[in-house]
Amino acid sequence: YVMDIQEHKGKLWLATDGGGINLIDVQTKEFLHLKHITGDKTSLPVNSITCLYKDYNGDLWAGSVRGGVFTIKDSYIKTYEDVVMNNDKGLTEKSICSIYEEKDGRLWIGTDGGGINLYDPKTDRFTHFPDTYGDKVVSIANLSDEELLVSIYTKGIFAFHKRTGNYRRFIVVDEKTNHKECFYGYLPLADQVNDDKIYIISYGAWVYHIKERKFL
């Protein structure tokens, strides 16, 4: 099962459920496999990879099932997987669903049951948001300087305040449409296309324009 695809350094990187990360050289059609190797700390922490994310520096991040989040450099892999509740040295949950990077380099991490985590690479510390504990955060996009747009499994889409850690309801088009997109058995995902546009994909597909604050 392929969970995510990302182009990185001329190759297609495929996150798989159980097979680690597969790399495809588009020109030669050759495959390279990155997997967890017992006892090898330079290998992947686990083989079930949920998402891939390329940051502004061109580095690749990956979220995993029970293996935390890690960054892949040319010479090493650095993993963040320790679960440390109410402490800035680790995550609140090892299973990662989504990643979003702000322009200042901070990473917002959506977990499977541990809510939202914020990682600051400058300090190498995490910020936890207790009001989000228990939530499975399946997608994250940037709504404004103050808020993120997050999709929560079985609950719908919300605006999340970056400073207070509180949610507010976000309505997809109108109440009727929002109910169909969030509660008809489909999983709504918020995908950041550019600084002014977010795709919301579920039962249907919608485009939200951030500056106009409306669907067009």
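Side chains included, hydrogens not; waters and symmetry mates left out as well; all remaining heavy atoms used.
- Cluster membership check: Leu143 does not share its hydrophobic cluster with Phe158, using side-chain heavy-atom separations under 4.5 Å among Ile, Leu, Val, Met, Phe, Trp and Tyr.
- From Gln27, atom CD reaches atom CG of Asp25 across 6.5 Å, with rounding to the nearest 0.5 Å.
- Cluster partners of Tyr186 are Tyr184, Tyr203, counting Ile, Leu, Val, Met, Phe, Trp and Tyr whose side-chain heavy atoms approach within less than 4.5 Å, directly or via other members.
- Using a 4.0 Å cut-off between charged nitrogen and carboxylate oxygen, Glu93 and Arg66 count as a salt-bridge pair.
- For Ser144 (side chain) and Glu146 (main-chain N/O), a donor-acceptor pair under 3.5 Å exists by modelled atom type.
- Across all their heavy atoms, Phe215 and Ile171 have their closest contact at CE1-O, 3.6 Å.
- Looking at Leu60 and Gln6, their side chains come closer than 4.5 Å, going by heavy atoms from C-beta outward.
- Partner Ser98 forms a side-chain contact (heavy atoms from CB on, under 4.5 Å) with one of Val137, Ile109, Val150 and no other, that one being Val137.
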Practice task
For Trp108 and Ile99, run side-chain contact (heavy atoms from CB on, under 4.5 Å): C-alpha distance rounded to whole Å, both residues' side-chain angles, the deciding distance at 0.1 Å, then the answer.
Solution key: CA-CA 6 Å; Trp108 293 92; Ile99 302 172; over 6 Å; no

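- Between Gly67 and Thr79, the closest heavy-atom pair is O-CG2, 3.5 Å.
- Phe70 approaches Ser64 most closely through the heavy-atom pair CE2-CB, 4.2 Å.
- At a threshold of 4.5 Å between side-chain heavy atoms, the hydrophobic network of Ile, Leu, Val, Met, Phe, Trp and Tyr places Leu52 and Val2 in two separate groups.
- Applying the side-chain hydrogen bond (donor to acceptor under 3.5 Å, both in side chains) criterion to Asp131, with sequence neighbours excluded, gives no partner residue.
- A side-chain donor-acceptor contact under 3.5 Å links Ser151 to the backbone of Pro188.
- Counting heavy atoms of neighbouring residues, nucleotides and ligands inside a 6.0 Å radius, atom CG of Asp104 exceeds 12 of them.
- The closest side-chain heavy-atom distance from Tyr167 to Lys155 is not below 4.5 Å.
- The number of heavy atoms from other shown groups lying within 6.0 Å of OH (Tyr1) does not exceed 12.
- Listed for the His161 side chain is no donor-acceptor partner under 3.5 Å among the backbone atoms of Asn166.
- A 4.5 Å side-chain heavy-atom check between Val172 and Ile157 finds at least one atom pair inside the cut-off.
- No donor-acceptor distance shorter than 3.5 angstrom exists from the side chain of Asp17 to the backbone of Ser48, with no hydrogens or angles considered.
- In this structure, NZ in Lys11 is found 14.0 Å from CD1 in Ile21, a value given to the nearest 0.5 Å.
- Among all heavy-atom pairs drawn from Ile140 and Leu148, the shortest one is CG2-CD1, 4.0 Å.
- A 4.5 Å side-chain heavy-atom check between Ile210 and Gln192 finds at least one atom pair inside the cut-off.
- With rounding to the nearest 0.5 angstrom, the CG atom of Leu34 is 8.5 Å from the CG atom of Asn22.
- Taking CG of Asp55 as the start and OG1 of Thr71 as the end, the distance is 6.5 Å to the nearest 0.5 Å.
- In the hydrophobic cluster analysis, where Ile, Leu, Val, Met, Phe, Trp and Tyr join through side-chain heavy atoms closer than 4.5 angstrom, Phe170 is grouped apart from Phe183.
- A 4.5 Å side-chain heavy-atom check between Tyr208 and Tyr199 finds every atom pair outside the cut-off.
- We find that Lys122 and Asp120 are not joined by a salt bridge, their nearest charged nitrogen and carboxylate oxygen being 4.0 Å or further apart.
- Classification of Arg163 and Glu147 as a salt-bridged pair fails, no side-chain N sitting under 4.0 Å from a carboxylate O.
- Under 4.0 Å is where a charged nitrogen must lie from a carboxylate oxygen, and between Asp59 and Lys9 no such pair does.
- In this structure, OH in Tyr153 is found 13.0 Å from CG in Asp135, a value given to the nearest 0.5 Å.
- In this structure a side-chain-to-backbone donor-acceptor pair under 3.5 Å is present from Thr92 to Gly114.
- Listed for the Tyr53 side chain is a donor-acceptor partner under 3.5 Å among the backbone atoms of Glu101.
- Listed by chain and residue number, Lys54 satisfy the side-chain hydrogen bond (donor to acceptor under 3.5 Å, both in side chains) test with Glu7 (two or more places apart in sequence, or in another chain).
- Judged by distance alone, with hydrogens and angles left aside, the side-chain atoms of Thr132 form no donor-acceptor pair with the main-chain N or O of Gly115 at under 3.5 Å.
- A chain of hydrophobic side-chain contacts below 4.5 Å, direct or via other Ile, Leu, Val, Met, Phe, Trp or Tyr residues, connects Ile96 to Phe129.
- Heavy atoms only, all atoms of each residue included: Gly90 and His128 are closest at O-NE2, 2.6 Å.
- Considering only heavy atoms from C-beta on, Asp4 stays 4.5 Å or farther from Thr50 through its side chain.
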Handout entry: Lys180 and Asn178: CA distance, side-chain angles, deciding distance, side-chain contact (heavy atoms from CB on, under 4.5 Å) verdict
Key = CA-CA 5 Å; Lys180 178 186 291 185; Asn178 187 75; over 6 Å; no

Problem - Trace of the side-chain contact (heavy atoms from CB on, under 4.5 Å) decision for Met3 with Thr16 - result: CA-CA 5 Å; Met3 308 298 290; Thr16 74; 5.9 Å; no

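- For Trp61 and Tyr100, the distance between ring centers is not under 6.0 angstrom.
- For the atom pair NE2 (His8) and CH2 (Trp13), the distance works out to 5.0 Å, reported to the nearest 0.5 Å.
- Within 6.0 Å of atom CG in Asp195, 12 or fewer heavy atoms from other residues, nucleotides or ligands are found, so the atom counts as exposed in its surroundings.
- Not one N or O on the side chain of Asp196 forms a donor-acceptor pair closer than 3.5 Å with the backbone of His209.
- With hydrogens and angles disregarded, no donor-acceptor distance shorter than 3.5 Å links the side chain of Ser139 to the backbone of Leu189.
- Both Phe31 and Val26 belong to a single network of hydrophobic side chains, linked directly or stepwise wherever heavy atoms of I, L, V, M, F, W or Y lie under 4.5 Å apart.
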Exercise for the section: Start with the C-alpha gap between Thr111 and Asn117, add the side-chain angles, then the distance that decides, and say whether side-chain contact (heavy atoms from CB on, under 4.5 Å) holds. Expected result: CA-CA 8 Å; Thr111 72; Asn117 290 206; 4.1 Å; yes

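- Residue Asp112 comes nearest to Cys97 through the heavy atom pair CB-SG, 3.7 Å, listed as atom of the first residue, atom of the second, then distance.
- Using a 4.5 Å cut-off on side-chain heavy atoms (C-beta onward), Leu118 and Phe126 make no contact.
- Using a 4.5 Å heavy-atom threshold, the side chains of Lys162 and Asn142 count as touching.
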